[in-house]
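Reminder, nothing fancy here: chain letters follow the sequence lines and each chain counts from 1. Remember, predicted model here, so these are calculated numbers, not experimental data. The basis for the numbers below is simple: all heavy atoms, side chains too, and nothing from hydrogens, waters or symmetry mates.
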Amino acid sequence: MIVAEQKPIQEIIEEIRGDHSVLILGCNECVTVCEAGGKKEVAVLASALRMHFMQQGEQKQIEERTLERQCDQEYLEELRDDIDRYDSVLSLACGAGIQFTAEKYHATPVYPGVNTKFIGVTEERGYWTERCQACGQCVLAQTGGICPVSRCAKRLFNGPCGGSTQGKCEINPELDCAWQLIIDRLKSLNQLEAYEVLAPIKDWSTDRDGGPRNVVREDVES
Amino acid sequence: MSVKTPSRLEKVLADGYFAVTTECGPPRGSDLGEITRKAEYVKDHVDAVNVTDNQTSVTRLCSLACCIHLKQMGLEPVLQMVTRDRNRIALQSDILGAAGFDIHNILCLSGDHQSFGDSAQGQNVHDLDSMQLLQTVRRMRDEGTFLGGDTINRPPEMFTGAAANPFADPFEIRVPRLAKKVAAGAEFIQTQCIYNLDKFEEWMKGIRDRGLHEQVAILAGLTPFKSAGMARFMKNKVPGMDVPDDVVKRMADQPKEKQPEEGIKICIESMQRLKEVEGVSGFHIMAIEWEQKVPELVEGAGLHPRPGA
Ligand code: SF4
Ligand code: SF4
């Protein structure tokens with residue numbers, strides 16, 4: 001999933017400062033799972049904001065709504081009849097959802113209520129970690145199923161570097177060294193000989209370096 | 001052994017001598033005089049001088065400019081190049097820049113993470129990694145082509161090296177990792193500073209068991225301790241460094257004013273022991289901001305005068 005984290009409330013207050021009527025818009029997908037922008041977080045943030053502005057003696061209309069997905073035209077359409085009632089939308093979806101909402105409703109400012117962090121997993125409740133940077137050409141088959149792009153601080157394809165210490169990365173003793181994980185995993189797969197195969201120079205044009213990307217699938221196009 | 005480049009370092013090794021290299025860190029400003037001073041200390045005692053490339057991710061005068069300066073002073077530079085700060089266009093371009101000034105040695109590195117230095121908020125590039133940079137240099141030299149395939153007019157002639165850390169983890173892949181660097185094109189290796197000689201010798205045995213010492217010249221890396229404090233710092237704070245307790249103790253047992261002398265002694269004794277290890281082809285002395293001690297170390301290890309000097 002895409003992992004996000006709510007922005008500090010002070011920053012959110014600054015974003016909506018000049019608006020009287022604000023819709024806080026959650027999303028039922030990734031941001032719900034990572035507890036940053038689902039229905040529950042929308043409600044908690046809305047009451048915190050109402051409380052804040054009340055204490056400041058400011059009149060503000062803060063409303064709540066959570067769509068099934070903000071990265072989907074169909075669900076965004078549901079806002080069509082109501083959108084003009086708001087001075088702005090504070091979206092708690094990921095960066096993609098925030099933008100898609102803004103693209104749909106040109107005349108309404110849409111502000112980010114979260115910082116979108118990474119594509120990752122829930123290791124345990126309250127602890128999410130990165131797993132993929134969408135490089136566009138997956139190499140997991142060669143690396144024992146562990147991603148060197150997102151999990152090695154230097155995205156080395158022929159690691160580990162000289163800084164790997166007791167299984168941890170040179171940049172942080174709390175962080176697993178991706179290449180230690182790769183080697184351990186190759187060992188348990190009985191594939192350690194694969195370690196000696198030189199990884200070829202990567203074609204980064206499938207990554208962000210090639211410019212904004214798209215996927216076209218004629219077979220499913222309507 | 002026949003040589004493939006005009007490198008003096010390559011020739012010394014091919015002629016069967018122990019090679020001696022050292023390193024100079026460029027200044028944090030534009031005063032090349034600092035490099036001149038360091039070069040003067042070492043010039044008659046080493047075969048080549050590495051110039052570090054923004055080491056520990058602290059911004060400094062560029063390695064290439066310092067290498068040109070050393071070359072113009074009559075020294076033999078080794079251009080260190082990290083993949084952290086440049087993409088493949090810039091790497092190949094700088095290699096050509098060095099070749100244009102007849103710099104004949106290069107050391108290919110990935111570089112410390114930028115979070116260690118003065119630009120923790122900057123991006124890192126790592127378009128290539130150190131092994132892929134080795135392949136790039138060898139391709140430019142041996143095939144005379146860019147990575148993109150086009151022909152290079154007057155290709156670089158560079159003796160191509162890499163670093164190895166026998167002490168980093170996991171230890172079991174330290175020998176396979178060297179084999180990989182050799183396969184990628186490394187012709188010489190400069191190792192991480194060696195304080196744990198037993199472990200280094202164990203690694204060298206693994207190297208010999210695979211015959212790698214016959215394919216690549218291994219220069220054992222050494223850094224003399226100036227003080228017990230430095231020994232403790234290297235032990236505890238520098239990732240991938242292995243400083244045994246008895247070495248720290250040996251430094252700490254000396255009164256403060258005697259510690260520098262003891263550090264030099266340890267370093268010389270290490271070189272003497274390592275000279276006997278089959279497969280060690282020379283020494284890389286990294287006397288960090290203590291370059292004036294290099295002659296004493298080289299002489300103490302019985303490595304002076306240098307061949308052809
Ligand atoms: S190799 Fe690329 S696509 Fe595969 S997990 Fe890593 S970043 Fe994602
Ligand atoms: S220590 Fe491991 S994860 Fe960290 S940069 Fe080096 S190889 Fe990558």
Participant: Could you measure the distance from the NE2 atom of H113(B) to the SG atom of C152(A)? Nearest 0.5 Å is fine.
Facilitator: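 That separation rounds to 8.5 Å.
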Participant: Can you confirm whether more than 12 heavy atoms, excluding those of I89(B), are under 6.0 Å from its CD1 atom?
Facilitator: no
Participant: Name the region of F171(B), side chain, backbone, both or neither, that has any atom closer than 4.5 Å to a heavy atom of chain A.
Facilitator: neither
Participant: Above 12 or not: heavy atoms from other molecules or residues under 6.0 Å from NZ of K39(A)?
Facilitator: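 At most 12 heavy atoms, drawn from other residues, nucleotides or ligands, come within 6.0 Å of this atom.
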Participant: Tell me, for Q114(B) versus chain A, whether the close heavy atoms (under 4.5 Å) come from the side chain, the backbone, both or neither.
Facilitator: neither
Participant: Between R84(B) and chain A, which part of the residue has a heavy atom less than 4.5 Å away: side chain, backbone, both or neither?
Facilitator: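 No part of R84(B) comes within 4.5 Å of chain A.
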Participant: Identify the two heavy atoms, one from G159(A) and one from R177(B), that lie closest to each other, and give their separation to 0.1 Å.
Facilitator: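 Looking at all heavy atoms of both residues, the closest pair is O-NH1, 3.0 Å.
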Participant: Out of curiosity, S115(B) OG to E170(A) CD, how far, rounded to the nearest 0.5 Å?
Facilitator: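 Taking OG in S115(B) and CD in E170(A), the distance rounds to 7.0 Å.
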Participant: Counting only heavy atoms not in E221(A), do more than 12 sit closer than 6.0 Å to its CD atom?
Facilitator: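 Above 12, so yes.
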Participant: In terms of heavy-atom contacts, does CZ of R185(A) have more than 12 from other residues, nucleotides or ligands at under 6.0 Å?
Facilitator: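 Not more than 12 within 6.0 Å, no.
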Participant: Does atom CD of E172(B) have more than 12 heavy-atom neighbours from other groups under 6.0 Å away?
Facilitator: yes
Participant: Return yes when atom CD of Q121(B) has more than 12 non-hydrogen atoms of other residues, nucleotides or ligands closer than 6.0 Å, and no otherwise.
Facilitator: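 12 or below, so no.
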Participant: Verify, without hydrogens or angle tests, whether K154(A) (side chain) and G111(B) (backbone) share a donor-acceptor contact under 3.5 angstrom.
Facilitator: yes
Participant: Sub-4.5 Å heavy-atom contacts with chain A: which residues of residues 123-150 of chain B show up?
Facilitator: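 The stretch touches chain A at N124(B), V125(B), H126(B), D127(B), L128(B), D129(B), M131(B), Q132(B), Q135(B), T136(B), L147(B).
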Participant: Please find the pair of heavy atoms, one from G162(A) and one from N165(B), that lie closest to each other, and give the distance.
Facilitator: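 Closest pair (atom of G162(A), atom of N165(B), distance): O-ND2, 3.0 Å.
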Participant: What is the minimum heavy-atom distance between I173(B) and P160(A), and which atoms define it?
Facilitator: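 Heavy atoms of I173(B) and P160(A) come nearest at CD1-CD, 3.6 Å.
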Participant: For chain B, which residues from residues 187-213 of chain A have at least one heavy atom closer than 4.5 Å to it?
Facilitator: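 Residues K187(A), L192(A), Y195(A), E196(A), V197(A), L198(A), A199(A), P200(A), I201(A), K202(A), W204(A) are the ones that qualify, each having a heavy atom under 4.5 Å from chain B.
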